[in-house]
Amino acid sequence: MQNQIKLEIIVSSVHTERITDLLDAHQASGYTIIPQVRGKGSNYETDGFGLNNAFTNDYIICICETAFIDQIREPLREAVALFGGVVVLSDCNWLIH
């Protein structure tokens with residue numbers, strides 16, 4: 001097993017590409033996007049069934065090393081501060097296969 005950081009991002013679907021562009025620019029080794037997630041935040045509830053992406057959220061998950069988090073932390077914070085979203089970091093163990 002290898003110690004890693006799990007980066008989880010929930011963002012409006014219209015901003016998903018901006019987040020993935022940021023991950024790519026910082027050379028993320030990979031990520032997974034789960035489209036149209038449902039949930040309730042402090043300001044509103046999303047049902048995941050909007051007629052366009054303006055009212056849906058996507059869930060982005062990236063398993064990465066601490067050095068990557070150190071690089072992307074501030075640019076990611078600035079992006080989410082600009083257009084909203086949720087970012088969660090947690091320690092995890094990656095089962096190498």
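Nothing here was measured: the structure is a model prediction, and the numbers come from that model.
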Please answer: with hydrophobic residues joined when any side-chain heavy atoms are less than 4.5 Å apart, are Val86 and Val37 in the same cluster? yes
Does anything in residues 61-72 pair up under salt bridge (Lys or Arg N to Asp or Glu O under 4.0 Å), and if so which pairs, sequence neighbours excluded? Asp70-Arg73
Give the C-alpha distance, both sets of side-chain angles, the deciding distance and a yes or no for side chain to side chain contact (heavy atoms under 4.5 Å, CB included) between Leu76 and Leu23. CA-CA 9 Å; Leu76 184 58; Leu23 293 172; 5.8 Å; no
Going by salt bridge (Lys or Arg N to Asp or Glu O under 4.0 Å), name the residues that satisfy it together with Glu78, two or more places apart in sequence or in a different chain. none
Of all residues at least two apart in sequence or in a different chain, which pass the side chain to side chain donor-acceptor pair (under 3.5 Å) check with Glu8? Tyr59
Can you name the side chain to side chain donor-acceptor pair (under 3.5 Å) partners of Asp24, sequence neighbours left out? Tyr31
Atom pair CG (Leu22) and CD1 (Ile9), whose distance is rounded to the nearest 0.5 Å: 8.0 Å
Specify the closest pair of heavy atoms between Cys62 and Ala28, including all atoms of both residues, with the distance to one decimal. SG-CB, 4.3 Å
With sequence neighbours excluded, what pairs up with Gln27 under the side chain to side chain donor-acceptor pair (under 3.5 Å) test? none
Please report the shortest heavy-atom distance between Cys64 and Ile69, naming the atom on each side. SG-CD1, 3.5 Å
Pairs satisfying ring-ring contact (aromatic ring centres under 6.0 Å, His included), at least one member in residues 62-89, at least two apart: His15-Phe83
Where Ser29 and Ile63 come nearest, the two heavy atoms and their spacing: OG-O, 4.0 Å
Hydrophobic cluster identity match, Ile33 and Ile10, side-chain contacts under 4.5 Å: no
What pairs with Arg18 under salt bridge (Lys or Arg N to Asp or Glu O under 4.0 Å), at least two apart in sequence or on another chain? none
Here the side chain to side chain donor-acceptor pair (under 3.5 Å) pairs for residues 87-96, sequence neighbours left out, are none
Would you compute the distance between atom CD1 of Ile34 and atom CD1 of Ile61 and round it to the nearest 0.5 angstrom? 7.0 Å
Is there a chain of hydrophobic side chains (I, L, V, M, F, W, Y, each step under 4.5 Å between heavy atoms) that links Leu89 to Ile19? yes
Under the side chain to side chain donor-acceptor pair (under 3.5 Å) test, which residues partner Thr16, sequence neighbours left out? Asp58
If I compare all heavy atoms of Val11 with all of Gly84, which pair ends up nearest, and what's the gap? CG2-O, 3.7 Å
Could you state whether Ile60 and Ile5 fall into the same hydrophobic cluster, counting links through intermediate Ile, Leu, Val, Met, Phe, Trp or Tyr residues with side-chain heavy atoms under 4.5 angstrom apart? yes
Would you confirm whether Ser13, through its side chain, and Thr56, through its main-chain N or O, come within 3.5 Å as a donor-acceptor pair? yes
